[in-house]
Every structure is written in structure tokens, then in C-alpha cells.
Amino acid sequence: MTDMQSTETPAKAEEERYDPAAIEPKWQGYWEEAQTFLTPENPGDDKLYVLDMFPYPSGAGLHVGHPEGYTATDIIARSRRARGTSVLHPMGWDAFGLPAEQHAIKTGTHPRIKTVENIATFRRQLKALGFSYDWTREVDTTDPDYVRWTQWIFLQLFHAGLAYQDEVSVNWCAALGTVLANEEVIDGKSERGGHPVERLPLRQWMLKITAYADRLLAGLEGVDWPNSTRIMQGEWIGRSEGAEVTFEVQGADQNIEVFTTRPDTLFGATFMVLAPEHPLVAQITTDAQREAVNAYVATAKNKSDRDRQASKEKTGVFTGGHAINPVSGAEVPIWVADYVLMGYGTGAIMAVPAHDTRDFEFAKAHGIDIAQVVSATGEPAGDFDQAFTELGVAVNSGKYDGMATADAKAAITADLEKDGKGKARTEYKLRDWIFSRQRYWGEPFPIYFPVTTDGDPREGAEHTIHYDQPIAVDESELPVRLPELEDYQPGDDPAGVLARAKDWRFFQKDGQWFARETNTMPQWAGSCWYYLRFCDPKNPDALASKDALATWLPVDLYVGGAEHAVLHLLYARFWHMVLYDQGHVPTPEPFGKLIHQGMILGEDNQKMSKSRGNVVNPDDVIARFGADTLRVYEMFMGPLEATKPWNSEAIGGSKRFLDRCWKLSTMVHEGADVALDSATKKSVHKTIAKVTSDIDELKFNTAISAMMVLSKELEKAGAPREGVEILAKLVHPFAPHLGEEMWELLGHPPSVQHAGWPVADAALLVDDEVEIPVQVNGKKRAVLVLAADATEEQAMAAAKEDPKVAEALGEGTLRKTIYVPKRILNLIIK
RNA sequence: CGUGAAGAAGCUCAGUGGAGAGCGCCUGGCUCAGGACCGGGAGAGCGCGGGUUCGAAUCCCGCCUUCACGGCCA
């Protein structure tokens with residue numbers, strides 16, 4: 001096959017132009033044939049696992065945002081292979097998901113059909129961009145061989161007690177017959193159709209991610225991630241230390257537990273607030289207040305958390321009940337208000353209006369006392385128009401007066417504990433993960449339940465499913481496959497679409513009826529562990545062999561969008577930690593270095609969207625300029641992590657750079673046997689050093705800029721072979737088809753990928769002559785060319801001979817001379 | 001409101017103490033002409049105000065604007 005790449009074709013005419021439409025398919029064919037990017041069987045210590053966040057193969061095809069991150073990782077992969085590193089650089093599909101299911105609902109075709117089609121489009125587009133993926137390792141999360149191991153991991157979680165069922169309030173829309181995400185509910189109506197949506201408690205599978213909260217937090221310390229991402233994830237976990245305090249309810253044999261991070265402000269707690277769902281609300285409410293409280297609770301119940309939080313007004317109702325402040329003995333009123341959330345802490349708070357913004361607003365709105373107990377100065381102030389939330393010194397707090405906030409916290413917590421009225425406690429914002437969806441196109445749970453029935457439940461016999469007795473499917477029976485359905489319309493059963501597949505759902509074993517779980521897993525499930533499967537994608541006996549995992553983990557470089565900064569990266573870390581604890585993976589963390597590529601905006605500086613009409617289609621760009629130009633342009637636009645707008649004029653500049661590279665190699669090919677002069681040689685070696693370090697630092701835009709400059713110099717130098725060969729090696733990770741073509745024009749057999757990486761000669765990187773600006777009183781007057789090691793005297797002498805400097809010096813007296821070798825000569829005169 | 005990032009030539013960006021590149025623009029050459037190519041050129045109060053320094057885009061303090069993400073977590 002390789003013989004057919006005749007070197008005669010490009011040789012024949014000067015009219016020949018760089019023609020990506022011919023070159024690119026040619027080399028893509030070569031790579032596929034020669035298996036150029038196959039992952040090495042026995043990688044040594046020098047290994048690199050470079051991973052892109054795999055895409056959801058949407059019907060719209062590839063977006064110009066995709067090639068940005070993918071080109072970045074490809075440059076790393078290719079340049080490191082050239083340097084002899086064993087590289088794992090795979091690609092796959094996060095292919096479960098709602099769009100394919102919605103398409104199925106509309107058309108009645110199985111979501112798999114549309115999914116397979118979309119994957120084919122994505123694969124074709126990615127191959128057209130010349131990425132050096134090892135396509136033999138492709139994975140697809142919807143493939144039963146993959147689903148099998150997703151289900152297997154779920155069973156490990158289940159057996160470890162980390163998967164459990166709970167009743168969770170969800171948005172149920174009876175008209176649509178489905179559960180909606182918060183985003184799909186607007187003002188209590190469904191986004192599609194405007195049907196009423198109610199909050200309904202529904203049985204859900206939960207994963208106990210909170211059990212790993214501290215480790216997920218601690219692990220962030222050791223990981224090479226963007227600071228902002230680590231902060232975001234840390235805040236999402238939201239660890240806060242404080243105290244649990246017990247308030248007695250007056251006239252009742254009841255206590256209310258609250259969580260506070262400011263036990264030092266306990267003397268300032270002038271009221272309490274319960275969340276509307278708090279179990280004690282009904283008992284505490286007095287008859288006089290019952291009607292108002294019931295009405296308030298009912299309204300709050302039908303609001304989603306999001307709607308509740310949308311309103312900044314502090315609404316609430318007095319219950320009529322009172323509690324006793326455990327330190328001051330004061331009677332404080334108990335209110336119900338929806339700004340207190342049942343899901344955090346204990347669902348009840350002690351309200352300290354003087355020192356908490358929300359409590360302050362509430363007290364102002366409802367005329368409740370405000371008592372200052374912390375002051376910046378140690379002296380109580382007068383009235384204040386906003387809460388004082390800073391740290392300070394305790395006042396009006398009995399024996400704790402005068403203590404700094406931190407000391408007061410510790411002292412009060414210790415005393416509460418002694419009196420049995422409280423104790424230190426740590427809280428997290430992180431909640432357990434709702435892991436089930438009432439959808440079709442997802443992984444079935446490998447779980448079934450006993451059924452009590454007097455007939456055949458498939459035929460509609462009365463039956464009871466014992467959800468409280470979940471049974472794991474035996475591992476040997478995995479995967480549990482999705483049933484075929486006649487149609488994919490959501491039904492009227494909140495248990496999910498699968499509940500209608502009665503033949504699939506109910507089965508008999510040893511004369512006993514059982515029912516399969518009809519929920520499916522969320523899209524996150526497959527993406528939680530795909531990076532493990534890439535290490536050993538065909539393994540039939542395990543999610544991946546221990547050897548393969550030990551070889552490749554952790555992922556050395558992971559590139560993907562910042563929108564996954566919290567959820568995907570947190571969920572994947574959680575699964576990884578569980579697998580680590582069970583001895584299935586060898587590293588405590590999955591991902592080493594993480595980078596988020598920036599967003600590419602439309603030419604109008606707005607987010608690309610169909611409605612704005614500013615979408616750039618990669619297929620069009622490839623047709624017009626070629627894949628290499630698209631790659632180079634996207635890398636040249638700016639720093640990888642920056643948000644930057646598309647510019648259809650500037651892309652021509654990248655094309656012209658590649659034109660010039662191609663021309664240089666044809667010049668050599670046609671016999672220009674020019675030797676490399678010493679000045680150009682210097683430039684070549686400086687460029688090697690610059691491009692190499694820029695690639696390692698992911699500064700691709702500056703690497704390209706350096707190669708642009710070099711290409712012009714090489715052209716002026718008449719295309720010296722030695723320089724052009726080095727340029728071909730340097731440019732090939734960025735523009736791989738062109739790199740191969742240049743290498744061939746220069747008379748070498750393919751592939752440039754295996755031709756090694758140039759090494760800069762350190763001796764050529766230092767200049768023996770330097771340009772030194774001369775300033776007089778800080779204003780630049782001249783630039784001198786001096787020996788790099790010129791002394792101050794030599795520099796002064798040269799400066800005085802310069803007419804412009806002499807003129808500027810004029811009659812003045814020299815008061816001071818600042819000479820920084822290789823940088824500046826500044827003369828201060830008066 | 002909070003967190004993070006960024007403000008530099010018309011545009012997109014290099015530049016960690018002494019202002020540069022690409023694209024665009026003007027101009028000459030080449031061409032029947034255009035494009036491409038080659039040569040030359042114009043174009044920057046480096047967001048604002050202070051401070052440190054011989055000298056600040058760069059270091060320090062305050063402020064403004066834009067973008068991204070997050071939202072009542074006691």
C-alpha cells in the first residue's frame with residue numbers, strides 16, 4: 001500500500017499547490033492501514049494516558065468546540081509518541097441519553113438505531129480531522145458488553161451498602177406521564193405543553209456519595225487541576241464545622257435540634273425557624289395558628305427547591321409555639337419559613353438576626369427582636385441596618401463576653417456538650433446522589449424484587465411488589481438487557497417506561513414470582529468509569545485487567561469542558577474511590593492533570609446557537625480549508641483555556657502558514673540543496689526549544705506563532721533541507737497530514753510520527769550579541785548591538801558615540817547610570 | 001450576592017521590571033488582471049486612580065467593566 005505514494009506526483013509542476021483535499025484522505029488511509037497509532041503492547045515506565053472527555057453523539061454532529069480539546073490532546077499524543085513515550089489515546093461514546101429517547105418517542109424507532117447512526121457520523125467526522133486515536137479501543141456505553149460492567153460496578157456499590165432506595169420528592173407530570181428535571185418545570189407547569197406538575201414522593205435508588213465526602217474533599221489537594229475547579233468541587237461538597245444545639249419546646253415534651261456554624265451567637269438567637277416539611281411543625285403549631293401554618297406548608301410543598309430559592313422575599317408564619325434558649329433561658333418564638341431547607345442540617349435553625357443576613361431580613365420583615373452578641377470592637381453598638389456577619393468579640397453573652405469568636409465557639413460548644421444540650425458536628429452540602437431515572441434509554445438496574453400474587457402478574461393478576469427486599473442479579477447473568485418495546489411513549493406509571501414491558505419485568509424462579517427494577521441509571525453511570533475500560537476494552541472477565549489498570553492509571557492528562565467541573569468529575573472520583581477500596585483499581589484518584597478548554601464563540605462574540613445563526617460547521621471548514629488548517633487555526637486562536645470568538649478571516653492566515661510549509665518542502669524536493677547558515681540554524685534550534693516546551697505547557701498558540709516565524713526565515717534562507725526537515729517534525733502534531741506529506745516530499749518513508757523528535761542544541765540557544773536600548777531619563781533614544789558580556793564601560797563608550805544619545809545628553813550632567821547587562825542602559829542627567 | 005478568569009494595535013493574542021506576532025489596513029513589486037506570493041509602511045494614553053522604582057503592561061493597594069460558573073446550605 002505504501003508504495004503507491006509516489007514521490008513523482010508533487011514533483012512535476014510549479015503549478016501544484018498544497019491540496020488538503022487530496023493529502024488528507026491519503027494519509028488517513030495510510031494510518032488506518034499501517035495501524036500507526038496502535039497502543040503499544042508492553043509500555044515501559046515512560047507511559048502517557050491522554051484522554052478527552054468522550055462526547056455524547058448528538059444528531060447535530062460535531063461542533064467546532066469538539067476539535068478544540070481533541071486537537072490539544074492529539075498534539076500531546078503525537079509529540080510524545082515521537083519522543084518515544086508509550087501513549088494511550090482512546091475515544092468512545094457516551095451514548096445513552098434523552099435526545100435519542102425523544103427521537104424514539106416521536107418516530108417509534110428504537111433509540112439504538114438513531115444512536116448507531118449518530119456514532120457513525122461522529123466517527124467519520126473525527127477521522128476526517130486526523131486524530132491519532134487507537135480506534136481498536138473504541139467503547140460505547142450502550143454496548144451490552146459495556147453495560148454489563150456498569151451494572152457490575154453498581155452491584156459492588158449495592159453489596160457495599162452504598163446503594164439504597166428512598167422516597168424522594170420529584171416533579172411528576174401526569175399529563176406527560178413522566179418525571180421532569182427541575183429545568184423542565186417553569187412556574188409549576190411543564191416546559192413542554194404547560195401541563196401542571198406536582199411534587200410527588202417517588203421511590204428512587206440513591207448512592208451514598210456522602211460517605212465519601214471527606215475523602216473527595218481531601219483528594220482535591222493532591223490533584224493537578226485548575227484551581228477554580230477544585231474550589232468549585234470543594235464548595236459543592238461544602239464541609240462546614242459547627243455544633244448541634246438542642247432547644248426545648250415550651251410546654252411540650254419535645255426538643256428541636258438545630259445545626260449552627262456560629263454557636264458563639266447562641267445568646268443572640270431570638271427566634272427559631274423550622275422548614276415547612278419539618279416533622280414537628282404540626283405538633284408545635286397552636287390551634288390559633290393552625291390554619292395559617294397549614295396553608296403556608298401546603299404552598300411550600302408544591303414549590304420546587306428552585307422556585308423556593310427564586311424568591312428573595314423572606315416569607316414565613318408564626319407557629320404560636322415557643323422554645324427555650326439553652327444558654328440564656330429566654331423564650332423564643334418558633335416560625336415556619338421556606339428559606340430553611342429540610343435537606344440540610346436538621347431542617348431547623350436557631351435564628352440570630354444580628355449576625356446572619358437571612359435571619360436579619362426575616363426579623364425585619366416580621367418585626368422580631370434583634371439582639372447583638374458579637375462586636376468588632378468588644379463594645380456593643382447601637383442599632384444596625386444590616387447583619388454583622390464577621391468575626392469579632394462576644395458581647396451580651398454572659399460569661400463568654402470578651403472572648404474572640406473562635407474561642408467563644410469552642411467554649412460554648414464544650415459547655416453545651418457537658419450539659420447534654422449539644423455537641424460539635426460537621427455538615428456537608430453534598431447530598432446523596434439520586435441515581436435512578438424513569439426512562440427507557442439507560443442501563444437497567446441489575447436488581448429484582450419478590451412479588452406476592454395469586455396469578456400471573458403478566459396477565460394482570462393482582463400483585464404486590466416487595467420493594468423493601470431488593471435482590472441482586474447474579475453476576476453471571478449480567479448484563480440485564482433492555483426489553484424491546486412497541487413504542488417509547490411515557491406511560492401513566494411513575495415507575496417508568498419499563499414497567500409496561502410486563503414479560504420482561506415479571507419472571508418466575510422456583511415457583512416464586514419476581515419483578516425487575518424498572519428504573520434505569522442516569523447518563524452519568526457510563527461516563528463514571530469509561531476511562532477504566534479504555535485500558536482493556538475487550539476484557540470479558542473483568543472491567544479491565546489488573547495489569548492493564550496498573551500500567552495506564554492514572555489518566556495523565558484529561559481535557560474537557562468546564563461544565564463538567566463538578567458533577568461528572570465528582571461522580572467519577574466517587575466510583576473510583578469505591579473501586580479502589582475494594583481493590584479493583586490501583587490508584588486513589590482517577591485523573592492527574594486536568595484542563596478545561598475554553599468555549600469557542602460565534603463571530604458575533606455570542607455563544608454559538610442555531611437561533612443566533614452563528615454556528616460554524618466543522619465539515620464546511622474542512623471542505624474549504626482542510627482539517628489541518630482547522631486544527632492549526634483552533635490552536636492558534638488563543639490560549640487553550642480562554643473563551644474566544646471564531647473569525648472566518650483569520651483562519652486564512654493559518655492556511656497560508658501551511659501553504660508555506662508545503663512550499664518549503666517542495667523547494668527541497670525539487671533540488672534546492674541549500675546548507676543551513678549559522679544564523680538560521682540558531683533560529684531553528686531556538687524554535688525547537690520553544691515549540692517543545694510550549695507543547696508540554698499546552699501553549700499551542702505560541703508554539704504555532706514560533707513556527708510561523710521560522711517558516712518565513714527558512715523561506716528567506718532558500719529552504720535549507722536540515723531546517724525544513726526539523727520544521728516538518730515540529731509541525732506534524734499540529735497538522736499531521738501535512739507533516740506526513742512534507743516528510744515524504746523530503747524523501748523519507750512514512751511515518752514522520754516515528755521519525756523522532758528534534759532536540760535543541762543548547763549551545764545554539766544563547767546569543768553572543770544582544771540589542772540593548774539606551775534610555776536618557778527613562779526615554780528610549782537608541783538601540784545598540786553589543787556583545788552579550790559587554791561591561792558597563794564598553795556600553796557607555798558605545799552609547800556616547802551614538803549621535804541621538806549624544807544629542808539627548810546635551811549639556812546635562814550625568815547623575816546616575818543604570819546598566820543591566822543584556823537588558824538596558826539608562827542614563828539619568830540633570 | 002459569591003467564586004474564578006480577563007481588560008494591551010481595528011480583531012485575536014505573546015510579553016512577570018525597559019511594548020511584539022498573526023489577521024485586517026495602506027503602499028510598492030510580480031501579473032493582461034485578480035488571487036496567491038515577495039518587499040515596505042501606518043497603527044498602542046497596555047481598563048481607571050494611587051504607590052514602590054532610574055524606569056511599571058509587568059510588583060503592591062483601591063476601583064470600574066466584561067465573561068464563565070454557582071446560588072437562601074444556617
Side-chain angles (χ1 to χ4, degrees), chain A residues 17-18 226-232 234-236 238-240 242-243 245 258-262 265 269 272-273 275 305-306 308-314 337-352 355-359 361-362 389 427-431 561-563 565-566 596 598-599 601 603 605 607 633 636-639 641-657 659-660 663 690 694 699 701-706 708-709 712 715-716 772-780 783 815-820 823-829:
Chain A
R17 299 269 305 271
Y18 164 49
N227 210 18
S228 56
T229 302
R230 295 199 332 220
I231 288 169
M232 242 188 277
E235 288 184 351
W236 187 265
R239 181 188 159 101
S240 58
V245 183
V258 303
F259 173 72
T260 176
T261 55
R262 291 296 300 273
T265 61
M272 299 189 74
V273 185
D305 282 358
R306 179 170 283 233
R308 267 197 207 184
Q309 294 172 12
S311 162
K312 281 164 201 137
E313 262 176 65
K314 295 280 176 291
D338 67 4
Y339 80 91
V340 172
L341 307 174
M342 193 58 217
Y344 184 79
T346 60
I349 62 161
M350 64 178 218
V352 185
H355 306 291
D356 180 278
T357 311
R358 297 150 304 180
D359 298 344
E361 285 168 9
F362 191 87
T389 58
E427 268 294 326
Y428 301 87
K429 286 188 210 174
L430 185 69
R431 311 290 165 77
E563 66 272 22
V566 175
H596 301 303
M599 210 187 320
L601 304 174
E603 286 204 74
N605 243 302
K607 256 186 198 167
Y633 172 62
F636 186 56
M637 287 173 82
E641 293 168 85
T643 305
K644 52 234 167 214
W646 188 265
N647 181 338
S648 56
E649 286 178 344
I651 191 169
S654 298
K655 173 74 175 351
R656 280 198 285 282
F657 163 58
D659 279 337
R660 186 180 290 116
K663 199 173 107 186
K690 168 95 178 139
D694 277 355
K699 289 156 72 172
N701 54 332
T702 55
I704 292 166
S705 176
M708 285 175 167
V709 172
K712 288 194 171 177
E715 190 175 29
K716 281 181 194 162
I772 294 194
V774 181
Q775 294 183 340
V776 176
N777 285 353
K779 277 197 87 169
K780 185 159 96 177
V783 178
R815 302 209 38 173
K816 191 168 180 184
T817 305
I818 297 111
Y819 177 62
V820 183
R823 310 239 39 170
I824 195 81
L825 175 64
N826 191 5
L827 307 174
I828 310 301
I829 63 171

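On a predicted model such as this, the values are computed, not experimentally measured, just so you know. Lettering follows sequence order; numbering is per chain, from 1.
Out of B:C72, B:G22, B:A36, the shortest distance to the side chain of A:Arg656 is found at B:A36. Set against B:A74, B:G18, B:A21, the side chain of A:Ile824 has B:G18 as its closest nucleotide. You'll find that the side chain of A:Thr261 is closest to B:A74, out of B:U12, B:A74, B:G70. Proximity note for A:Asn701 (side chain, C-beta onward) versus B:A74, B:G22, B:C13: the nearest is B:C13. In the set B:C37, B:G18, B:C72, B:G18 carries the atom at the smallest distance from any side-chain atom of A:Val820. The listed nucleotides are B:C54, B:G15, B:G4; the one nearest the side chain of A:Asn826 is B:C54. When distances are taken from the side chain of A:Glu715 to each of B:G55, B:A74, B:C38, the shortest belongs to B:C38. Here B:A74 is the nucleotide among B:A74, B:C72, B:G55 with the atom lying nearest to any side-chain atom of A:Phe259. Listed candidates were B:C72, B:C13, B:C37. Nearest to the side chain of A:Lys314 is B:C72. Distances were taken from every side-chain heavy atom of A:Pro639 (C-beta onward) to each of B:A14, B:C54, B:A74; the shortest belongs to B:A14.
If you check every strand for non-hydrogen atoms under 4.0 Å, A:Thr229 touches nothing. At a threshold of 4.0 angstrom between heavy atoms, the contacts of A:Ile231 are confined to the sugar-phosphate backbone, with no base atom among them. Across all strands shown, A:Gly345 has no heavy atoms under 4.0 Å from either base or sugar-phosphate atoms. Using a 4.0 Å heavy-atom distance criterion, A:Lys644 is classed as a sugar-phosphate-only contact. Residue-level contact check: A:Tyr428 touches neither bases nor backbone, having no heavy atom under 4.0 Å from any strand.
The distance from atom CE of A:Met342 to atom P of B:C72 is 17 Å, rounded to the nearest whole Å. Per the geometry, CD belonging to A:Glu235 stands 12 Å off P belonging to B:G70, to the nearest Å. In this structure, A:Glu641 atom CD and B:C13 atom P are separated by 13 Å, rounded to whole Å. Rounded to whole Å, the distance from CZ on A:Phe636 to P on B:C11 is 17 Å. Put simply, CH2 on A:Trp236 is 14 Å from C1' on B:U3, counting in whole angstrom units. Per the geometry, CD1 belonging to A:Ile828 stands 14 Å off P belonging to B:U53, to the nearest Å. Between the CG atom of A:Leu341 and the C1' atom of B:C72 there is a distance of 7 Å, given to the nearest Å.
Between B:A6 and B:U12, the two C1' atoms lie 14 Å apart (nearest whole Å). With C1' as the reference atom, B:A57 and B:G17 are 10 Å apart, rounded to whole Å. As rounded to the nearest Å, B:C63 and B:C26 have C1' atoms that lie 40 Å from one another. If you take atom P in B:U52 and the same atom in B:G20, they sit 28 Å apart, rounded to whole Å. Nucleotides B:A56 and B:G15, compared at atom C1', are 14 Å apart to the nearest Å. Rounded to the nearest Å, the gap between the P atom of B:C48 and that of B:U31 is 49 Å. Taking the P atoms as reference points, B:G40 lies 14 Å from B:C23, given to the whole Å. Separating the C1' atom of B:G29 from that of B:G10 is a span of 27 Å, rounded to the nearest Å.
Of all nucleotides present, only B:C1 satisfies the Watson-Crick or G-U wobble test against B:G70, with each distance under 3.5 Å. Here B:C63 sits opposite B:G47 as a Watson-Crick or G-U wobble pair (both hydrogen-bonding atom distances under 3.5 Å). For B:G39, the paired base is B:U27 (Watson-Crick or G-U wobble, both distances below 3.5 Å).
With contacts defined as side-chain heavy-atom distances shorter than 4.5 Å, the pair A:Tyr339/A:Glu361 does not qualify. Residues A:Val258 and A:Met272 have side chains in contact (heavy-atom distance under 4.5 Å, counting atoms from C-beta outward). Residues A:Glu427 and A:Thr261 form no side-chain contact, since every pair of their non-hydrogen atoms from C-beta on lies 4.5 Å or further apart.
Residue A:Arg660 places none of its side-chain N or O atoms closer than 4.0 Å to OP1 or OP2 of B:A36. At least one side-chain nitrogen or oxygen of A:Lys716 sits closer than 4.0 Å to the OP1 or OP2 atom of B:G39. Between A:Thr702 and B:C13, a side-chain N or O to OP1/OP2 separation shorter than 4.0 Å is absent. For the OP1/OP2 pair of B:G22 and a distance below 4.0 Å, the side-chain nitrogens and oxygens of A:Lys712 include at least one atom meeting the criterion.
Atom OG in A:Ser705 sits 12.0 Å away from atom NZ in A:Lys699 (nearest 0.5 Å). Rounding to the nearest 0.5 angstrom, the gap separating the CG atom in A:Leu341 from the CD1 atom in A:Ile349 is 10.0 Å. In this structure, OG1 on A:Thr357 lies 9.0 Å from NZ on A:Lys314, to the nearest 0.5 angstrom. Within the model, atoms OH of A:Tyr18 and NZ of A:Lys663 stand 15.0 Å from one another, a figure rounded to the nearest 0.5 Å.
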Is there a side-chain contact (heavy atoms from CB on, under 4.5 Å) between A:Tyr633 and A:Trp646 once you walk through the steps? CA-CA 10 Å; A:Tyr633 172 62; A:Trp646 188 265; 3.7 Å; yes

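If you find the closest nucleotide of RNA chain B to A:Asp356 and to A:Ala650, the one lying nearer the 5' end belongs to A:Ala650.
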